[in-house]
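All remarks here apply to the structure that follows.
In what follows, every heavy atom counts, from backbone to side chain, and hydrogens, waters and symmetry copies are set aside. Chain identifiers are assigned alphabetically (A, B, ...) following the order of the sequence lines, protein sequences preceding nucleic acid strands; residue numbering begins at 1 within each chain.
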2 protein chains.
Amino acid sequence: MLNYTTSEENYIKAIYRLQSADGMVTTNELAAEIQAKPASITDMMKKLKAKKLLNYQPYQGFRLNAEGFKVALMIVRRHRLWEFFLAEKLKFTWDEVHEVAEELEHVSNKKLIDKLDEYLGFPRKDPHGDPIPDANGKIEISKKICLSELPLNTIAVVASVGDQSSEILELLEHKKIAIGTKLEVKKKFEFDNSIEIKINRHPILTISEQLAKNIFVNYGE
Amino acid sequence: MLNYTTSEENYIKAIYRLQSADGMVTTNELAAEIQAKPASITDMMKKLKAKKLLNYQPYQGFRLNAEGFKVALMIVRRHRLWEFFLAEKLKFTWDEVHEVAEELEHVSNKKLIDKLDEYLGFPRKDPHGDPIPDANGKIEISKKICLSELPLNTIAVVASVGDQSSEILELLEHKKIAIGTKLEVKKKFEFDNSIEIKINRHPILTISEQLAKNIFVNYGE
DNA sequence: TTATTTTTTTAGCTTTGTCTAAATTTATTT
DNA sequence: AAATAAATTTAGACAAAGCTAAAAAAATAA
Ligand SMILES: [Mn+2]
Ligand SMILES: [Mn+2]
Ligand SMILES: [Mn+2]
Ligand SMILES: [Mn+2]
């Protein structure tokens with residue numbers, strides 16, 4: 001496995017994130033994800049195709065091939081191990097780990113990462129509940145869905161928030177819900193689609209339909 | 001304190017390393033240190049002068065100014081803290097830590113470094129015996145001398161090694177000399193400048209001039 | 001099926017950091 | 001003091017990674 005630049009790695013990881021089971025990723029999709037102009041995407045897709053990391057034909061979109069997928073999993077592994085380290089050992093809070101891991105993930109010394117993994121006790125999930133690929137690139141399947149679709153009595157981890165307004169953040173803060181919070185849905189009411197959730201050692205909370213649709217969780221073993 | 005690119009930081013650190021109490025650093029010196037061509041040095045010196053990190057007049061050499069020195073100390077702090085982390089927590093041997101720290105040092109999130117420092121218990125020396133600047137840039141003055149200058153029958157502690165090639169490390173391993181090893185010089189021979197040293201409970205060892213010049217020790221206090 | 005809109009690509013420009021080769025300045029020898 | 005050598009800077013080139021604006025292709029609407 002060769003070494004790639006920070007830019008190449010950020011593109012590879014973003015394609016990995018966007019590419020679902022079948023479909024192609026489009027230029028505009030990736031441009032939005034990476035916060036760059038479509039012309040820059042086309043440039044990089046040519047480069048990554050030349051490096052045999054993806055399939056790409058002009059105007060037809062692109063997908064990582066087997067090699068590109070393997071590379072992506074190693075970047076994801078580094079990112080999530082560092083996130084775990086920051087939260088577990090350095091006591092960073094949920095909103096701080098991602099940004100720092102976004103930089104640390106590009107230090108790609110294999111021994112460093114494998115020893116870090118060992119030091120951390122081979123954690124299987126990062127602080128957002130996302131699975132950490134092992135040294136061979138093996139990764140648990142876990143599903144990310146919105147809170148209103150979470151089955152009853154299933155422990156899940158808050159992974160992200162759809163709306164980013166200060167209003168929703170104020171409400172989440174008030175209810176003590178944050179990225180990484182473990183919860184389960186105890187009741188669902190059909191009248192207004194509100195739900196009741198339980199967080200360890202806290203009283204039952206009521207969540208409105210609007211709020212539930214903006215909270216995304218990871219679950220599944 | 002602004003952020004600097006990886007390249008700028010490597011140049012700043014190299015100048016810090018070369019610049020002694022008084023004299024100027026020359027273009028060729030820095031070119032050799034950084035393994036780049038003299039023309040590249042001149043380019044970067046113009047850039048760092050424009051950023052007000054050093055004094056530089058064409059053909060007259062250069063020196064970090066107060067601000068550049070402060071920046072250098074923070075890079076050195078990051079480098080040595082990561083080296084300590086790698087040796088202490090991830091069980092890297094002391095000859096493996098430098099290369100990895102050379103990359104990690106460029107992740108310049110202040111909170112990351114200060115929390116890492118705290119997590120490590122505010123270590124004062126890196127695995128090579130070099131002092132680690134604190135969060136304010138304060139650094140112990142180490143009175144290091146090389147083994148060939150150590151007076152006879154004076155107990156000293158190995159603090160660092162000049163050359164860090166695998167060849168010298170192999171030799172040091174063979175002779176059971178490591179950071180922290182206590183020793184004293186028992187004899188000096190003028191013919192080839194070789195010396196004989198004594199390490200507690202070990203037979204007398206012969207050290208060549210080349211080797212002695214690359215072993216630095218702390219003594220007295 | 002044509003026309004219009006959207007998406008994507010191409011062409012050309014910018015910045016950063018590197019290089020080689022030539023010019024210039026400083027230092028050292030006759 | 002010249003002449004020569006060494007050190008340093010300048011000039012011009014290149015690759016990476018981004019951008020804007022224009023052209024081309026694909027998708028959608030009329
Ligand atoms: Mn990143
Ligand atoms: Mn994560
Ligand atoms: Mn470095
Ligand atoms: Mn060191």
(Q) From the set C:dT9, D:dC19, C:dA21, return the single nucleotide nearest to any side-chain atom of B:A39. (A) C:dA21

Q) Is there a donor-acceptor pair closer than 3.5 Å between any side-chain N or O of B:Q19 and the backbone N or O of B:Y16? A) no

Q.
Could you tell me how far apart B:D43 (CG) and D:dA11 (C1') are, to the nearest whole angstrom?
A. 11 Å

Q. Below 4.0 angstrom, N of the basic side chain to O of the carboxylate: do A:R78 and A:D117 qualify?
A. no

Q) How close or far is atom P of D:dT9 from atom CG of B:L30, stated in whole angstroms? A) 11 Å

Q. To the side chain of A:Y56, which of C:dT7, C:dT9, C:dC19 is closest?
A. C:dT9

Q: May I ask you to say whether B:R80 pairs ionically with B:E105, meaning some side-chain N is under 4.0 Å from a carboxylate O?
A: no

Q) Touch check for A:P38, heavy atoms < 4.0 angstrom, all strands: base, sugar-phosphate only, or nothing? A) base

Q: Decide, yes or no, whether a salt bridge links A:K115 with A:E118 under the criterion of side-chain N to carboxylate O below 4.0 Å.
A: no

Q) Side-chain N or O of A:T27 less than 4.0 angstrom from OP1 or OP2 on C:dT9? A) yes

Q: For C:dT9, take OP1 and OP2 only and decide whether either is under 4.0 Å from a side-chain N or O of A:K37.
A: no

Q. Between D:dC19, D:dA25, D:dT8, which one does the side chain of A:Y59 approach most closely?
A. D:dA25

Q. Taking for each residue the nucleotide of DNA chain D bearing the nearest heavy atom, is the 5' side occupied by B:V25 or by A:M44?
A. B:V25

Q: State whether B:E9 and B:K13 are salt-bridged, where the test is any N-O pair (Lys NZ or Arg NE/NH1/NH2 against Asp/Glu carboxylate O) under 4.0 Å.
A: no

Q: Round to a whole Å and report the spacing from CD of A:Q57 to P of C:dT9.
A: 11 Å

**Q.** A:Y119 side chain reached by B:K91 side chain, heavy atoms, under 4.5 Å
**A.** no

Q. Within this structure, what is the CD-to-C1' distance between A:Q35 and D:dC19, rounded to whole angstrom?
A. 15 Å

Q. Contact class for B:S40 (heavy atom, under 4.0 Å): base, sugar-phosphate, or nothing?
A. base

Q | Euclidean distance, atom CE of residue B:M45 to atom P of D:dT10 [Å, nearest integer] | A | 14 Å

(Q) Starting the side chain at C-beta, find the nucleotide from D:dA24, C:dT26, D:dC19 nearest to B:Q60. (A) C:dT26

Q) Please give, in whole Å, the distance from D:dA16 P to A:E9 CD? A) 16 Å

Q) Rounded to whole angstrom units, what separation is found between the CD atom of B:E29 and the C1' atom of D:dA6? A) 15 Å

Q. Does a side-chain N or O from B:N28 land closer than 4.0 Å to OP1 or OP2 of D:dA6, or not?
A. no

Q. When the distance from CD of A:E8 to C1' of D:dA16 is rounded to whole Å, what number comes out?
A. 9 Å

Q. What is the nucleic acid contact for A:S7, judged by heavy atoms within less than 4.0 Å: base, sugar-phosphate only, or nothing?
A. sugar-phosphate

Q: Scan B:Y11 against the nucleic acid and name what it touches under 4.0 Å (heavy atoms): base, sugar-phosphate only, or nothing.
A: sugar-phosphate

Q | Comparing A:A36 and A:P58 on DNA chain D - which has the more 5′ nearest nucleotide | A | A:A36

**Q.** Among C:dT18, C:dT25, C:dT8, the one nearest A:T42 by side-chain distance
**A.** C:dT8

